[in-house]
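The figures here come from the full heavy-atom set of this structure, side chains too, leaving out hydrogens, waters and symmetry mates. Being a predicted model, the structure only gives us computed values, none of them experimental.
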Amino acid sequence: MKQKDLLYTGKAKSVYRTDVNDRLIVEFRDDITAFDGGKKDVLKNKGGYNAEVSAFIFEYLAKNGVKTHFVEMLDEKRMVVRHLEMIPLEVIVRNVAAGSLVRNYPIKEGTPLNPPIIVIDYKDDSRHDPMLNDEIIIALGIATEKELKTIKTSALNVNRLLSDLMAAQGITLVDFKLEFGRGKKTIYLGDEISMDSMRLWDKKTGESLDKDVYRFEKGDVMAIYNRVARRITQQQG
Ligand SMILES: Nc1ncnc2c1ncn2[C@@H]1O[C@H](COP(=O)(O)OP(=O)(O)OP(=O)(O)O)[C@@H](O)[C@H]1O
Ligand SMILES: [Mg+2]
């Protein structure tokens with residue numbers, strides 16, 4: 001497969017066309033950003049850790065019947081994916097109160113959310129990703145009622161699978177963000193599932209094992225990304 005021209009470049013990944021129909025290459029860069037790009041850094045190997053964890057999780061989900069865009073890794077940072085027409089939604093599943101839920105609503109960090117909560121934001125940095133509801137999504141023509149149903153069912157299914165995967169490694173899956181897109185007739189899970197898109201707490205110590213370490217300067221970000229990547233991909237006991 002040949003990498004062709006750059007299709008778009010986001011804050012952390014670059015997406016390239018290829019010489020194969022329906023296939024793109026996603027390159028995970030070492031850029032890390034937070035607060036809508038207000039905080040920015042380049043951290044060596046960060047792209048590799050996120051790519052490795054994303055690939056591992058996409059394979060695990062595929063084995064469990066989830067339709068994902070993942071095809072294969074070309075090298076440590078480049079992933080071949082199915083070219084999707086992305087739906088501009090950030091589908092967030094929350095198992096424990098944290099982050100913006102605690103900032104915006106009267107709920108204490110760490111409160112278990114049972115059943116889990118799905119929050120859907122409009123993926124638009126210029127509008128600071130405003131929260132949507134089903135009626136707005138349908139009125140704006142972002143997705144149909146049927147697509148929305150598929151997306152929510154899939155998000156909850158992914159939550160069950162990922163929560164189990166993390167629990168086996170002594171990690172609480174606090175919350176995470178998914179992006180979906182349209183392939184031919186089918187909705188696929190796209191983008192990435194990594195330490196940048198999940199909020200993970202160590203079950204024993206409560207320590208953050210995700211981008212909150214970068215956001216709130218809680219420690220050595222790359223040492224933690226490396227360690228959590230080993231744990232998730234089960235390369236260490
Ligand atoms: N299978 C796919 N087909 C087409 N586009 C995809 C696919 N998977 C992910 N994308 C898109 O590729 C881009 C990845 O880049 P990146 O995540 O760095 O940028 P961003 O989402 O614009 O910014 P950020 O996530 O930092 O807010 C995103 O726009 C994402 O929606
Ligand atoms: Mg992104």
Side-chain angles (χ1 to χ4, degrees), residues 1-33 37 40-91 122-126 129 141-144 146-147 150-151 154-155 157-158 161-162 165 176-198 211 222 225-226 229-230 232-235:
M1 175 176 295
K2 274 207 188 84
Q3 183 168 307
K4 305 275 247 197
D5 50 308
L6 183 69
L7 183 60
Y8 34 72
T9 184
K11 294 196 292 291
K13 304 191 290 300
S14 299
V15 182
Y16 296 88
R17 291 185 198 279
T18 71
D19 58 347
V20 181
N21 190 28
D22 270 4
R23 293 289 182 266
L24 296 175
I25 291 172
V26 176
E27 183 200 353
F28 288 68
R29 304 197 314 272
D30 285 344
D31 301 276
I32 186 163
T33 72
K40 274 189 215 175
D41 284 282
V42 178
L43 298 178
K44 198 172 179 302
N45 299 329
K46 181 255 182 183
Y49 298 140
N50 275 353
E52 180 188 14
V53 166
S54 280
F56 181 87
I57 290 177
F58 281 134
E59 279 177 344
Y60 163 75
L61 294 176
K63 264 184 233 149
N64 286 283
V66 179
K67 290 189 182 116
T68 89
H69 71 158
F70 179 77
V71 179
E72 61 175 345
M73 292 304 292
L74 284 183
D75 55 37
E76 280 177 10
K77 295 188 173 182
R78 289 185 308 150
M79 178 182 286
V80 180
V81 303
R82 180 185 292 270
H83 190 171
L84 302 178
E85 180 203 337
M86 294 307 287
I87 300 170
L89 297 176
E90 302 216 326
V91 181
Y122 185 37
K123 190 172 153 65
D124 185 342
D125 277 345
S126 73
D129 300 338
I142 297 170
T144 65
K146 193 175 157 212
E147 286 176 331
T150 305
I151 286 170
S154 175
N157 185 33
V158 169
L161 292 166
L162 276 189
L165 182 76
F176 60 96
K177 183 267 299 178
L178 301 176
E179 292 182 27
F180 293 86
R182 302 181 185 95
K184 284 192 191 94
K185 289 185 197 160
T186 310
I187 302 258
Y188 290 88
L189 178 59
D191 205 48
E192 67 177 279
I193 303 178
S194 70
M195 287 71 82
D196 281 12
S197 66
M198 295 183 284
K211 202 159 88 172
M222 280 311 94
Y225 270 44
N226 184 14
R230 288 324 106 228
I232 293 172
T233 60
Q234 296 157 30
Q235 290 168 16

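Across all their heavy atoms, Leu178 and Ala155 have their closest contact at CD1-CA, 3.9 Å. When all heavy atoms of Ile193 and Ser197 are compared, the closest pair comes out as CA-OG, 3.4 Å. Taking all atoms of both residues into account, the shortest heavy-atom contact from Ala55 to Phe70 is CB-CE1, 3.7 Å. Between Gly10 and Arg29, the shortest heavy-atom contact is O-NH2, 3.0 Å. When every heavy atom of Arg23 is checked against every heavy atom of Met1, the shortest pair comes out as CB-CE, 3.9 Å. Smallest separation of non-hydrogen atoms from Gly190 and Leu84: CA-CD1, 4.1 Å.
In terms of modelled atom types and a separation under 3.5 Å, the side chain of Ser154 and the main chain of Thr150 share no donor-acceptor contact. Panel note: side chain Thr18, backbone Gln3; no donor-acceptor pair is recorded below 3.5 Å. Without hydrogens or angle criteria, His69 side chain to His83 main chain gives no donor-acceptor distance under 3.5 Å. Judged by distance alone, with hydrogens and angles left aside, the side-chain atoms of Thr68 form no donor-acceptor pair with the main-chain N or O of Ala62 at under 3.5 Å. Using modelled atom types, no side-chain atom of Lys13 and backbone atom of Gly47 make a donor-acceptor pair closer than 3.5 Å. In this structure, the side chain of Asn50 does not engage the main chain of Ser194 through any donor-acceptor pair within 3.5 Å. With hydrogens and angles ignored, the 3.5 Å screen pairs no side-chain donor or acceptor of Asp22 with any backbone N or O of Arg82.
For the atom pair Lys63 NZ and Leu161 CG, the distance stands at 12.0 Å (nearest 0.5 Å). In this structure, Lys211 NZ and Ile32 CD1 are separated by 6.0 Å, a value rounded to the nearest 0.5 Å. One finds the CD atom of Glu52 at 10.5 Å from the CD1 atom of Ile57 (value rounded to the nearest 0.5 Å). With rounding to the nearest 0.5 angstrom, the CG atom of Leu61 is 8.5 Å from the CG atom of Asn157. From Glu85, atom CD reaches atom NZ of Lys184 across 13.0 Å, with rounding to the nearest 0.5 Å. Here the CD atom belonging to Glu192 is positioned 8.5 Å from the CE atom belonging to Met79, to the nearest 0.5 angstrom.
Just one of Asp125, Asp31, Thr33 meets the side-chain hydrogen bond (donor to acceptor under 3.5 Å, both in side chains) condition when paired with Lys11; it is Asp125. The side chain to side chain contact (heavy atoms under 4.5 Å, CB included) test with Lys77 singles out one residue from Asp30, Val26, Ile25, and that residue is Asp30.
The ring-ring contact (aromatic ring centres under 6.0 Å, His included) search around Phe56 returns none, not counting sequence neighbours. Residues passing the salt bridge (Lys or Arg N to Asp or Glu O under 4.0 Å) test with Arg78 are Asp75, sequence neighbours excluded.
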TODO: Could you please spell out the steps behind the side-chain contact (heavy atoms from CB on, under 4.5 Å) verdict for Val66 and Tyr60?
DONE: CA-CA 9 Å; Val66 179; Tyr60 163 75; over 6 Å; no

Open item on the list: Applying side-chain contact (heavy atoms from CB on, under 4.5 Å) to Phe176 and Val158, what does each step give before you reach the verdict?
Closed with: CA-CA 10 Å; Phe176 60 96; Val158 169; 4.0 Å; yes

- [ ] May I have the step-by-step check of side-chain contact (heavy atoms from CB on, under 4.5 Å) for Ile232 and Met198, ending in yes or no?
- [x] CA-CA 12 Å; Ile232 293 172; Met198 295 183 284; 4.3 Å; yes

TODO: For Val20 and Val80, run side-chain contact (heavy atoms from CB on, under 4.5 Å): C-alpha distance rounded to whole Å, both residues' side-chain angles, the deciding distance at 0.1 Å, then the answer.
DONE: CA-CA 10 Å; Val20 181; Val80 180; over 6 Å; no

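Using a 4.0 Å cut-off between charged nitrogen and carboxylate oxygen, Glu179 and Lys177 count as a salt-bridge pair.
Under the 3.5 Å distance criterion, with hydrogens and angles disregarded, no donor-acceptor pair is assigned to the side chains of Tyr49 and Asp196.
At least one side-chain heavy atom of Ile151 sits less than 4.5 Å from a side-chain heavy atom of Val91. Counting heavy atoms from C-beta outward, Pro88 and Asp124 have side chains that stay 4.5 Å or more apart.
In Glu76, the CD atom is not crowded: 12 or fewer heavy atoms of neighbouring residues, nucleotides or ligands sit closer than 6.0 Å.
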